[in-house]
Amino acid sequence: MTGRAARERAARLAADFRALHRGRARRDPLVLPGPWDAGSARVLAGAGFPALATPSAGVAASLGYEDGRTPADEMFTAVARIVRAVDVPVSADLEAGYGLPPRELAARVRDAGLAGVNLEDSGDFGDFGDAGGGRAGAASTASGPGGAGAPSGGGLRDAGAHAAWLAEFREAAGGELFLNARVDTYRHGVTDPEETVRRCLLYVEAGADGVYPILAPPEHLPLLAADVPVPVNALALPGGPGVAELGRLGAGRVTFGAGMHGRTMAALRAVADEVRPAV
């Protein structure tokens, strides 16, 4: 595929992805399953899903890393391979941006052909994340349910500094790219929904098209959806509300973290146990 054809394809898929978020009814959130490699992406696209969203934890596991430890080059190579494997839009969880300057990060997102990205407000921002700000809250090193929490190496970032960083990325990315701002308040033990709303609104003002208050309790979703003027992403967890219920509560889109990867690995282990010769 020529460079021009690749750019035109990426622009078409990004526009399609943005359109999928518009005008959705309650109980009908956009459902985005999480592939971790080209093979899983083809299975999910073949099942009829109109778009996909890679989880950093699932991709990391497929490459032999812990969540939050994947080198930037390997992550971008992996998500670009997934983009090439399917003809539906692909959004990628790019964690905290791997310490890249916003403009370099935007260029690499374009090169990968992504239709959307998740960028979180905790973790390692390298030398480009603390201008005018700093950290807020305690560090977290524990992985959460469904691959929700990575070994971040840092706590919550100052919301104003993060908003400025997002604004620079948004300006550099341009076009139709869907920017989903992950808000890690709940992951770091900040349970007051007003702080989550405050951060969401700052990030929307900076150019975020959606927000992802990861691990938000289901009972907080109505408040978040009422106060934030963009789609709210909810994480579906085993034993928690289903997709339709999350939509009824206010989620505009639903993702699964590394849950699908985990269930697939469990199924593979079951097959391995079945065929393993008796000792």
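Note that this is a predicted model, so its numbers are computed, not measured. Nothing fancy with the numbering, it's 1 onward along the sequence. Side chains are part of it too, since the values below use all heavy atoms of this structure and drop only hydrogens, waters and symmetry mates.
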So, Asp121 and Arg187, do they make that salt bridge, N to O below 4.0 Å? no
Taking only Lys NZ, Arg NE, NH1 and NH2, and the carboxylate oxygens of Asp or Glu, determine whether Arg7 and Asp111 approach each other closer than 4.0 Å. no
CA sep, side-chain torsions, deciding dist, call: Glu205, Leu201, side-chain contact (heavy atoms from CB on, under 4.5 Å): CA-CA 6 Å; Glu205 185 178 356; Leu201 293 177; over 6 Å; no
One should read off an interatomic distance between His188 NE2 and Glu195 CD, to the nearest 0.5 angstrom, of 12.0 Å
Does Arg253 use its side chain to pair, donor to acceptor, with the backbone of Leu32 at less than 3.5 Å? no
Taking side chain as C-beta onward, heavy atoms only, is Val190 less than 4.5 Å from Asp184? no
Tell me, do Met75 and Glu95 make a side-chain contact under 4.5 Å, heavy atoms counted? yes
Count I, L, V, M, F, W, Y as connected when their side-chain heavy atoms are under 4.5 Å apart, and connections chain through other members. Are Val211 and Leu30 then in the same cluster? no
Indicate, with yes or no, if Leu215 and Tyr212 share a hydrophobic cluster defined by side-chain heavy-atom contacts under 4.5 Å among Ile, Leu, Val, Met, Phe, Trp and Tyr. yes
When the side chains of residues 270-279 are checked against the rest of the protein, which donor-acceptor pairs come out under 3.5 Å, sequence neighbours left out?
unit_1	atom_1	unit_2	atom_2	d
Asp273	OD1	Arg269	NE	2.9
Asp273	OD1	Arg276	NH1	2.8
Asp273	OD2	Arg269	NE	3.4

Using the ring centroid of each side chain, check whether Phe256 and His261 are separated by less than 6.0 Å. no
List the atom of Gly58, the atom of Ala258, and the distance in Å for their closest heavy-atom pair. N-CB, 3.8 Å
Rounded to the nearest 0.5 Å, what separation is found between the CZ atom of Arg182 and the OG1 atom of Thr255? 9.5 Å
What's the shortest heavy-atom distance between Gly207 and Leu179, and which atoms? O-CD2, 4.0 Å
Determine, step by step, whether Leu44 and Met260 satisfy the side-chain contact (heavy atoms from CB on, under 4.5 Å) criterion, reporting the C-alpha distance in whole Å, the side-chain angles of both residues, the deciding distance to 0.1 Å, and the verdict. CA-CA 10 Å; Leu44 294 169; Met260 289 189 172; 4.2 Å; yes
Consider only side-chain heavy atoms of I, L, V, M, F, W and Y, link residues closer than 4.5 Å, and tell whether Ile82 and Leu13 are in one cluster. no
Residue pair Pro55 / Asp93, side-chain heavy-atom distance below 4.5 Å: no
Quiz question: by atom type and distance under 3.5 Å, do the side chains of Thr185 and Arg199 form a donor-acceptor pair? no
Given Val43, Val254, Leu52, the one that forms side chain to side chain contact (heavy atoms under 4.5 Å, CB included) with Pro33: Leu52
Can you check side chain to side chain donor-acceptor pair (under 3.5 Å) on Asp67 and Ser56, steps first, answer last? CA-CA 6 Å; Asp67 189 19; Ser56 65; 2.9 Å; yes
One should read off an interatomic distance between Leu177 CG and Arg170 CZ, to the nearest 0.5 angstrom, of 5.5 Å
For Val88 and Phe49, what are the C-alpha separation, side-chain angles and deciding distance, and is it a side-chain contact (heavy atoms from CB on, under 4.5 Å)? CA-CA 8 Å; Val88 298; Phe49 289 98; over 6 Å; no
Using every non-hydrogen atom in the two residues, find where Thr70 and Ala60 come nearest and quote the distance to one decimal. OG1-CB, 3.2 Å
If you measure only the distance, is there a donor-acceptor pair under 3.5 Å linking the side chains of Tyr65 and Glu74? yes
Would the distance check show the side chain of Arg26 and the main-chain N or O of Arg248 forming a donor-acceptor pair, the cut-off being under 3.5 Å? yes
Please test Arg12 against Glu8 for salt bridge (charged side-chain N to carboxylate O under 4.0 Å, His left out), starting from the C-alpha separation and ending with a verdict. CA-CA 6 Å; Arg12 170 178 61 82; Glu8 290 176 348; over 6 Å; no
How long is the gap from CG on Leu20 to CZ on Arg18, to the nearest 0.5 Å? 11.5 Å
Is the ring pair Phe178/Phe17 parallel, tilted or perpendicular, if the boundaries are 30 and 60 degrees? perpendicular
Quick one: closest heavy-atom pair of Glu120 and Ala96, and the distance? CG-N, 3.8 Å
Interatomic spacing from CH2 in Trp36 to CG in Leu63 - rounded to 0.5 Å: 13.0 Å
Residue pair Arg103, Glu171: steps toward the salt bridge (charged side-chain N to carboxylate O under 4.0 Å, His left out) verdict: CA-CA 8 Å; Arg103 294 187 179 280; Glu171 180 182 13; 3.5 Å; yes
Does Leu223 belong to the same Ile/Leu/Val/Met/Phe/Trp/Tyr cluster as Val230, with side-chain heavy atoms less than 4.5 Å apart forming each link? no
Does a side chain donor of either Asp37 or Ser62 reach within less than 3.5 Å of an acceptor in the other side chain? no
Which atom pair, heavy atoms only, marks the closest approach of Pro218 to Pro241? CG-CG, 3.7 Å
Taking atom CZ of Arg263 as the centre, report whether more than 12 heavy atoms of other residues, nucleotides or ligands fall under 6.0 Å from it. no
Do Val83 and Arg9 have side-chain heavy atoms sitting under 4.5 Å apart? yes
Determine the minimum heavy-atom distance between Pro29 and Arg27, stating which atoms define it. CD-C, 3.3 Å
Would Val79 and Val90 count as a side-chain contact (heavy atoms from CB on, under 4.5 Å) here? Give the steps. CA-CA 8 Å; Val79 298; Val90 176; 5.8 Å; no
Using only heavy-atom distances, determine whether the side chains of Ser91 and Asn118 contain a donor-acceptor pair under 3.5 Å. no
Taking C-beta and beyond as the side chain, do Leu105 and Trp165 meet within less than 4.5 Å on heavy atoms? yes
Contact check, side chains of Tyr186 and Thr196, non-hydrogen atoms, under 4.5 Å: yes
Distance in Å, Leu202 CG paired with Arg198 CZ, rounded so as to fall on 0.5 Å steps: 6.0 Å
